[in-house]
Amino acid sequence: NAGVMQNPRHLVRRRGQEARLRCSPMKGHSHVYWYRQLPEEGLKFMVYLQKENIIDESGMPKERFSAEFPKEGPSILRIQQVVRGDSAAYFCASSPRIGFEQYFGPGTRLTVT
Amino acid sequence: AQSVTQLDSQVPVFEEAPVELRCNYSSSVSVYLFWYVQYPNQGLQLLLKYLSGSTLVKGINGFEAEFNKSQTSFHLRKPSVHISDTAEYFCAVTPPADSNYQLIWGAGTKLIIKP
């Protein structure tokens, strides 16, 4: 059973460009979580999605950031008009049901130049 | 609101020595507790979890943790560390009553093994 997959592993964008981060949850998992980890800091929750629904986006910046988890295909975290402060590692986690532990992907390291 | 405090940002320890990584949480309701490990340039891996039952929880790689409700702590221990344990360790909690089951994270503790 393949683990949580994220791509790309590394992404470099210039200021003002768009970044698209993909997450394929483990097979059978319908709950997806996105986290951001800034250098020397812990994980910060961004958004929690189930198939086709955003359940909790309280950790997501109001502007430029959006997330989706379509019926088919991976979950996408989209950052429009990136700025240097968006440089971070973005982790995706999935779980098979609510209340279960989360399984993490290897992360996407975004660098904004 | 719940919060998690990992009191030490770094813990240096000699190889084969015991180690304890501290985690305290604040919550007015019961919680589930987790320890995750992050090796350099990798994602997080679950070490162990406490949901209910015995307060002493055994995890992978020889780690264990003890839930102390009166002290609201969930300290991680290993009797003898190896170079391969060099990593960052994160404590997390989630209140079962929270319908979103959002994990609340500590800032992490870097375990540095000295040869």
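Each chain gets a letter, A, B and so on, in the order the sequences are listed, and its residues count up from 1.
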Does [X], at its [atom1] atom, have more than 12 non-hydrogen atoms belonging to other residues, nucleotides or ligands within less than 6.0 Å?
{"X": "B/Tyr39", "atom1": "OH", "result": "yes"}
{"X": "B/Glu16", "atom1": "CD", "result": "no"}
{"X": "B/Glu15", "atom1": "CD", "result": "yes"}

#### Entry: Proximal component of A/Gln37, with respect to chain B [non-hydrogen, under 4.5 Å]
side chain

Value rounded to 0.5 Å, distance of [atom1] in [X] from [atom2] in [Y]:
{"X": "A/Phe91", "Y": "B/Gln38", "atom1": "CZ", "atom2": "CD", "value": "4.5 Å"}
{"X": "B/Leu48", "Y": "A/Glu101", "atom1": "CG", "atom2": "CD", "value": "11.0 Å"}
{"X": "B/Gln42", "Y": "A/Phe104", "atom1": "CD", "atom2": "CZ", "value": "14.0 Å"}
{"X": "B/Thr94", "Y": "A/Phe45", "atom1": "OG1", "atom2": "CZ", "value": "10.0 Å"}

### Query
Is the distance between the ring centroids of B/Trp105 and A/Tyr35 less than 6.0 Å?
yes

### Query
Where is the tightest heavy-atom contact between B/Tyr36 and A/Gln102, given as atom of each residue plus distance?
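Nearest pair, atom of B/Tyr36 first, then A/Gln102: OH-O, 2.9 Å.
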
### Query
With side chains defined as the heavy atoms from C-beta onward, is the minimum distance between A/Leu43 and B/Leu103 less than 4.5 Å?
no

### Message
Are there residues of residues 106-114 of chain B whose heavy atoms fall under 4.5 Å of chain A's heavy atoms? If so, which?
### Response
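Residues in range: B/Gly106, B/Ala107, B/Lys110.
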
### Which atoms of B/Leu46 approach chain A - backbone, side chain, both or neither, heavy atom under 4.5 Å
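When you check distances to chain A, only side chain atoms of B/Leu46 fall under 4.5 Å.
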
Verify same cluster id: [X], [Y] (apolar side-chain graph, 4.5 Å):
{"X": "A/Phe65", "Y": "A/Tyr33", "result": "no"}
{"X": "B/Ile104", "Y": "B/Leu47", "result": "yes"}
{"X": "A/Tyr48", "Y": "A/Tyr90", "result": "no"}
{"X": "B/Val57", "Y": "B/Leu21", "result": "yes"}
{"X": "A/Leu77", "Y": "A/Tyr103", "result": "no"}

